[in-house]
Amino acid sequence: MYALEIENLNFGYETKTVLENISFKVKQGEFISIIGPNGSGKSTLLKLLSNIYNPKSGTILIQGKNIKDYKRKELAKKMALVPQNTVTDYEFLVEDIVLMGRYPYIGRFEKEKDEDYHIVDEALKLTNTYNLKKRRINEISGGELQRVIVAKALAQNPDILLLDETTSHLDINHQMEILRLLKNLNQKKGTTVVLVIHDINLASRYSDRILLLNNGSILGIGQPSEVVNKPNIEKAYNLKVAIERNPITDSIHIIPL
Ligand SMILES: Nc1ncnc2c1ncn2[C@@H]1O[C@H](COP(=O)(O)OP(=O)(O)OP(=O)(O)O)[C@@H](O)[C@H]1O
Ligand SMILES: [Mg+2]
């Protein structure tokens, strides 16, 4: 079964075309990274996949069903988005934010159950943010906030996780911790991971496949070694590179020249 089936997707803001003829499929349980230069349409694509925007044309199927036919809560049980920018002007506590991840499971006139609080604690522990539980969301660091937003998405218990540059504000240790956590969820629970990431070397190391976006079109999709090659990278990023294998992990490794 496919987690995602995207066919002939087109989208633009007002008159500007941002995504053109995007078609690809993601299998259930796959770990796929989306890379591409700034402004190439990565965040826009994730927003279309999570039903924040409507495509101009084309279709999006989530687990075989058209995204338009999902009720909001039904979709939220299947899929969670960790957005690139999170507004944090509010004085919510970290635990309140993560508890919001439980909303698809809580009926309109229901209260949170013990199980919901338990799941929140688990998500906080998995993302190494349990110690921040009682802190205000607008009084923690950027990297801490990113991990809390991942915790919120985990509390949603989705089959499919979409993450937009979630590791970009993290120090090297927390970056690895989040990637390992994602890989672990992917391997143990079969969670499908779609990760927008700028670090091509990390993408190559952790992903089954990579999708390279350039100017709103797919320049390449496939295994890291198929997509991360000299012509593709030099074209997309306008930068001379050498491509090697990392001697320790054997994953594809690019070196800007
Ligand atoms: N709300 C918006 N209104 C109008 N144009 C937008 C809007 N959001 C993004 N764009 C434009 O759409 C294009 C794609 O933006 P998008 O945010 O999807 O890029 P991205 O690949 O995520 O870039 P980055 O790596 O910088 O996050 C850019 O040219 C951007 O200026
Ligand atoms: Mg973006």
Side-chain angles (χ1 to χ4, degrees), residues 4 6-24 26 31-60 62 67 79-89 141-143 145-150 152-153 158 160-172 174-175 178-179 182 192-207 209-222 224 227-228 231-239 241 252 254 256:
L4 304 169
I6 290 98
E7 212 172 285
N8 267 319
L9 205 62
N10 287 284
F11 181 80
Y13 298 100
E14 283 124 46
T15 54
K16 190 173 179 284
T17 301
V18 173
L19 292 171
E20 227 169 343
N21 277 326
I22 302 289
S23 300
F24 65 98
V26 178
F31 192 121
I32 186 165
S33 290
I34 300 176
I35 62 170
N38 293 135
S40 55
K42 304 179 299 297
S43 296
T44 304
L45 179 58
L46 283 202
K47 284 176 188 164
L48 286 162
L49 295 184
S50 42
N51 214 15
I52 295 172
Y53 300 143
N54 287 320
K56 202 163 271 171
S57 62
T59 50
I60 299 172
I62 310 288
I67 196 166
M79 195 163 69
L81 170 70
V82 180
Q84 185 169 5
N85 299 305
T86 308
V87 183
T88 52
D89 300 344
S141 82
L145 177 64
Q146 269 184 325
R147 278 148 50 213
V148 169
I149 302 304
V150 173
K152 178 186 173 212
I160 307 165
L161 257 176
L162 310 175
L163 306 108
D164 197 349
E165 286 188 41
T166 302
T167 51
S168 53
H169 290 183
L170 301 185
D171 67 57
I172 192 164
H174 285 113
Q175 204 171 44
I178 290 289
L179 279 164
L182 295 176
T192 306
V193 176
V194 181
L195 176 70
V196 170
I197 181 168
H198 277 299
D199 190 319
I200 299 171
N201 294 332
L202 282 179
S204 301
R205 179 166 163 189
Y206 283 94
S207 313
R209 285 194 301 155
I210 290 181
L211 189 164
L212 171 58
L213 262 190
N214 186 38
N215 264 327
S217 301
I218 297 179
L219 186 57
I221 181 166
V227 175
V228 181
N232 277 351
I233 300 302
E234 292 187 348
K235 181 172 180 196
Y237 294 91
N238 192 23
L239 172 78
V241 294
I252 294 286
I254 77 158

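In each ligand, atom 1 is the first atom listed, and ligand 1 is the first ligand listed.
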Quick one: nearest non-hydrogen protein atom to [atom], plus distance?
{"atom": "atom 25 (O) of ligand 1", "result": "Lys42 NZ, 2.7 Å"}
{"atom": "atom 9 (C) of ligand 1", "result": "Tyr13 CE1, 3.4 Å"}
{"atom": "atom 16 (P) of ligand 1", "result": "Thr44 OG1, 3.5 Å"}
{"atom": "atom 17 (O) of ligand 1", "result": "Ser43 CB, 3.7 Å"}
{"atom": "atom 26 (O) of ligand 1", "result": "Asn38 ND2, 3.0 Å"}

Heavy atoms of other groups near Lys235 NZ, more than 12 under 6.0 Å: no
Exercise. Is it true that atom NE2 of His169 has more than 12 heavy atoms of other residues, nucleotides or ligands lying nearer than 6.0 Å?
Worked result: no
Interatomic distance, CZ@Arg147 vs OG@Ser141, rounded to 0.5 Å, equals 7.0 Å
Would you say [X] touches ligand 1, if touching means a heavy atom closer than 4.0 Å?
{"X": "Gly36", "result": "no"}
{"X": "Pro37", "result": "yes"}
{"X": "Lys47", "result": "no"}

Subset of ligand 1 atoms that lie under 4.0 Å from at least one heavy atom of [X]:
{"X": "Gln84", "answer": "27 (O)"}
{"X": "His198", "answer": "25 (O)"}
{"X": "Lys16", "answer": "13 (C), 28 (C), 29 (O)"}
{"X": "Ser40", "answer": "19 (O), 21 (O)"}

Under 4.0 Å between heavy atoms, the region of Glu165 that gets near ligand 1 turns out to be side chain
When every non-hydrogen atom of Asn232 is compared with those of Leu219, the smallest separation belongs to O-CD2, 3.6 Å
message: Checking the side chain of Lys42 only, and the main-chain atoms of Leu212 only, is there a donor and an acceptor separated by less than 3.5 Å?
response: no
_Check: Asn214 side chain, Ser40 main-chain N or O, donor-acceptor pair, under 3.5 Å_ = no
Side chain to side chain donor-acceptor pair (under 3.5 Å) test vs Gln84 passes for just one of Lys47, Gln146, Glu165, namely Glu165
In Leu162, Leu161, Thr192, the residue satisfying side-chain contact (heavy atoms from CB on, under 4.5 Å) with Met79 is Leu162
Under 4.0 Å from atom 30 (C) of ligand 1, is there at least one protein heavy atom?
no
- Side chains of Ile62 and Leu4 in contact at under 4.5 Å (non-hydrogen atoms): yes
**Asked** If we only count heavy atoms from C-beta on, is the Asp164 to Pro83 side-chain gap below 4.5 Å?
**Response** no
At the Mg ion (ligand 2), OE1 of Gln84 and OG of Ser43 open up to roughly (10° bins) 80°
Looking at Gly41, Ser168, Gly39, Gly216, the heavy atom closest to atom 23 (O) of ligand 1 belongs to Gly39
